[in-house]
*Asks:* 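Before anything else, here's the structure in question.
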Amino acid sequence: MSDCIFCKIAEGEIPTAKVYEDDQIVCFHDADPQAPVHVLIIPKKHIPSMDDLTEEDATLVGHIMVKIKDIARDLGLTNGYRVVNNCGEDGFQTVKHLHFHILGKRKMTWPPG
Ligand code: AMP
Ligand code: ZN
């Protein structure tokens, strides 16, 4: 969609700090992080929100879920993390392109113990 900021990120029109990308999805750092680690994972396909998902999208959403786990591990979130989806007006969704927030803190390796 031409006026969608996350479509522009997915298409590389807006530069962003990408964490992961494949043919179906992109993961990048949130511009206004609410946790020490805060990334967003989006489908490249423009889907406005969770509310717009159809059975056709089931494989894509399943792929996102599996990659969330891999990305969290790669970001060092070895002690757990939150996955958040805001849907629609009452869900406080601000960007109308489906996205999942991954929030966490890296396990401290210093100081030891
Ligand atoms: P939501 O309230 O779930 O719609 O969250 C949208 C998220 O997108 C917010 O956490 C914003 O900080 C983030 N965001 C908006 N624009 C950008 C951008 N250009 N690059 C990275 N994150 C963004
Ligand atoms: Zn979009």
Side-chain angles (χ1 to χ4, degrees):
M1 229 179 103
S2 59
D3 62 345
C4 171
I5 191 160
F6 284 0
C7 279
K8 286 183 178 159
I9 285 174
E11 284 155 21
E13 272 179 53
I14 295 178
T16 188
K18 282 184 191 163
V19 171
Y20 176 83
E21 179 170 16
D22 64 28
D23 58 330
Q24 297 178 74
I25 64 177
V26 186
C27 180
F28 51 95
H29 287 280
D30 195 291
D32 182 20
Q34 304 298 311
V37 176
H38 186 175
V39 297
L40 301 173
I41 186 162
I42 66 168
K44 288 189 171 176
K45 176 184 175 186
H46 181 83
I47 301 170
S49 80
M50 281 283 280
D51 228 19
D52 299 290
L53 287 174
T54 68
E55 280 298 331
E56 250 181 47
D57 301 313
T59 304
L60 173 60
V61 173
H63 179 60
I64 290 174
M65 292 299 135
V66 171
K67 282 299 164 191
I68 283 175
K69 174 221 24 158
D70 293 343
I71 290 165
R73 181 199 57 223
D74 292 349
L75 290 172
L77 305 179
T78 55
N79 202 38
Y81 50 88
R82 292 171 62 212
V83 178
V84 174
N85 172 258
N86 297 324
C87 178
E89 202 179 326
D90 287 355
F92 302 103
Q93 181 181 3
T94 58
V95 178
K96 308 290 190 266
H97 179 128
L98 179 66
H99 54 281
F100 296 88
H101 300 252
I102 308 172
L103 301 124
K105 53 183 182 181
R106 286 188 183 89
K107 199 171 179 187
M108 291 293 285
T109 53
W110 185 264

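In listed order, ligands and their atoms are each counted from 1.
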*Asks:* Using a 4.5 Å cut-off on heavy atoms from C-beta on, say whether the side chain of Phe100 contacts that of Met50.
*Replies:* yes

*Asks:* Which atom name would you report as the N, O or S atom of His46 nearest the Zn ion (ligand 2)?
*Replies:* ND1

*Asks:* Between Asn86 and Val84, is the side-chain contact (heavy atoms from CB on, under 4.5 Å) condition met? List the steps.
*Replies:* CA-CA 7 Å; Asn86 297 324; Val84 174; 3.6 Å; yes

*Asks:* Measuring only between side-chain heavy atoms, which start at C-beta, is Ile5 closer than 4.5 Å to His97?
*Replies:* no

*Asks:* Taking N or O atoms only and a 3.5 Å limit, does Asp30 qualify as a polar contact for ligand 1?
*Replies:* yes

*Asks:* Main chain of Pro48, side chain of Gln93: is a donor-acceptor contact present, judged purely on distance under 3.5 Å?
*Replies:* yes

*Asks:* Apply side-chain contact (heavy atoms from CB on, under 4.5 Å) to the pair Leu60 and Ile47, showing each step before the final yes or no.
*Replies:* CA-CA 11 Å; Leu60 173 60; Ile47 301 170; 4.0 Å; yes

*Asks:* Looking only at non-hydrogen atoms, which of Thr94, Thr16, Leu98 approaches atom 4 (O) of ligand 1 most closely?
*Replies:* Thr94

*Asks:* For the Zn ion (ligand 2), which N, O or S atom of His97 is at the shortest distance?
*Replies:* ND1

*Asks:* Quick one: does Lys44's side chain have a donor or acceptor within less than 3.5 Å of a partner on Glu21's backbone?
*Replies:* no

*Asks:* Looking at Asp22, is its backbone amide N or carbonyl O close enough to the side chain of Gln24 to form a donor-acceptor pair, meaning the two atoms are under 3.5 Å apart?
*Replies:* no

*Asks:* Hey, is Ile14 touching ligand 1 through its side chain, its backbone, both or neither, going by heavy atoms under 4.0 Å?
*Replies:* neither

*Asks:* Just jot down the ligand 1 atoms closer than 4.0 angstrom to any heavy atom of His29, in number order.
*Replies:* 21 (C)

*Asks:* Where do His38 and Tyr81 land on the side-chain contact (heavy atoms from CB on, under 4.5 Å) test, with the steps shown first?
*Replies:* CA-CA 10 Å; His38 186 175; Tyr81 50 88; over 6 Å; no

*Asks:* In the protein, which heavy atom is nearest to atom 1 (P) of ligand 1, and how far is it?
*Replies:* His99 NE2, 3.1 Å

*Asks:* Just jot down the ligand 1 atoms closer than 4.0 angstrom to any heavy atom of His101, in number order.
*Replies:* 1 (P), 3 (O), 5 (O), 7 (C), 10 (O)

*Asks:* Is ligand 1 less than 4.0 angstrom away from at least one heavy atom of Gln34?
*Replies:* no

*Asks:* Which atoms of ligand 1 are found less than 4.0 Å from any heavy atom of Asp32?
*Replies:* 12 (O)

*Asks:* Output yes when the distance from some N or O of ligand 1 to some N or O of Phe92 is under 3.5 Å, and no in every other case.
*Replies:* yes

*Asks:* Lys96: heavy atom below 4.0 Å from ligand 1, yes or no?
*Replies:* no

*Asks:* Given Val39, Asn86, Ile5, which one has a non-hydrogen atom that is nearest to atom 19 (N) of ligand 1?
*Replies:* Ile5

*Asks:* Looking at the rings of His99 and His101, which for Trp means the six-membered one, are their centres under 6.0 Å apart?
*Replies:* yes

*Asks:* Can Phe6 and Val26 be said to form a side-chain contact (heavy atoms from CB on, under 4.5 Å), step by step?
*Replies:* CA-CA 9 Å; Phe6 284 0; Val26 186; over 6 Å; no

*Asks:* Please report which non-hydrogen protein atom sits nearest to atom 22 (N) of ligand 1, along with the residue it belongs to and the distance in Å to one decimal place.
*Replies:* Ala31 N, 3.1 Å

*Asks:* Is Val95 in polar range of ligand 1, meaning some N or O pair under 3.5 Å apart?
*Replies:* yes

*Asks:* Can you list everything that forms a side-chain hydrogen bond (donor to acceptor under 3.5 Å, both in side chains) with Glu13? Sequence neighbours excluded, please.
*Replies:* none

*Asks:* Output the list of atoms in ligand 1 that are nearer than 4.0 Å to some heavy atom of Gln93, sorted by atom number.
*Replies:* 4 (O)

*Asks:* Backbone, side chain, both or neither: what part of Phe100 comes under 4.0 angstrom of ligand 1, heavy atoms only?
*Replies:* neither

